[in-house]
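Before any comments, here is the structure.
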Amino acid sequence: MRVAITGASGLIGTALSSHLGNLGHDVCPVVRHAPGDNEIGWGSTADSLEPGALEGIDAVVHLAGAGIGD
């Protein structure tokens with residue numbers, strides 16, 4: 001299964017990404033910087049995804065937001 005995760009670099013997102021990867025799933029972090037391999041770029045200026053960015057994605061987990069420790 002291909003899973004896109006916003007907030008993949010946070011505390012919970014890092015643990016979830018690792019767990020899903022260990023189970024054999026393909027994790028695709030949604031990032032605000034220029035996307036690298038297996039990353040989905042979220043337009044930092046347009047606040048939008050490129051058309052077709054989620055093509056082939058089976059699930060999306062939304063974890064982005066302000067950190068609770070901030």
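For this chain, numbers begin at 1 and follow the sequence in order. All values derive from a computational prediction rather than experimental measurement.
Residues Pro35 and Ile40 approach most closely at CB-C, 4.2 Å, considering heavy atoms.
Val30 and Val61 fall into different hydrophobic clusters, where Ile, Leu, Val, Met, Phe, Trp and Tyr are joined by side-chain heavy atoms under 4.5 Å apart, directly or via other members. Note: the hydrophobic cluster containing Met1 also contains Leu63 (ILVMFWY, side chain heavy atoms under 4.5 Å, direct or indirect links). In the hydrophobic cluster analysis, where Ile, Leu, Val, Met, Phe, Trp and Tyr join through side-chain heavy atoms closer than 4.5 angstrom, Leu20 is grouped apart from Val60. Hydrophobic clustering keeps Val3 apart from Ile57 (ILVMFWY residues linked when any side-chain heavy atoms are closer than 4.5 Å, directly or through intermediates).
No donor-acceptor pair closer than 3.5 Å links the side chain of Ser18 to the backbone N or O of Thr14.
Pro29 places none of its side-chain heavy atoms less than 4.5 Å from the side chain of Ile5. Counting only heavy atoms from C-beta outward, the side chains of Arg32 and Thr6 never approach each other to under 4.5 Å. Inter-residue side-chain proximity for Val31 and Trp42 is flagged as unmet; no heavy-atom pair is nearer than 4.5 Å.
Here the CG atom belonging to Leu54 is positioned 9.5 Å from the CZ atom belonging to Arg2, to the nearest 0.5 angstrom.
Within 6.0 Å of atom CG in Leu11, 12 or fewer heavy atoms from other residues, nucleotides or ligands are found, so the atom counts as exposed in its surroundings.
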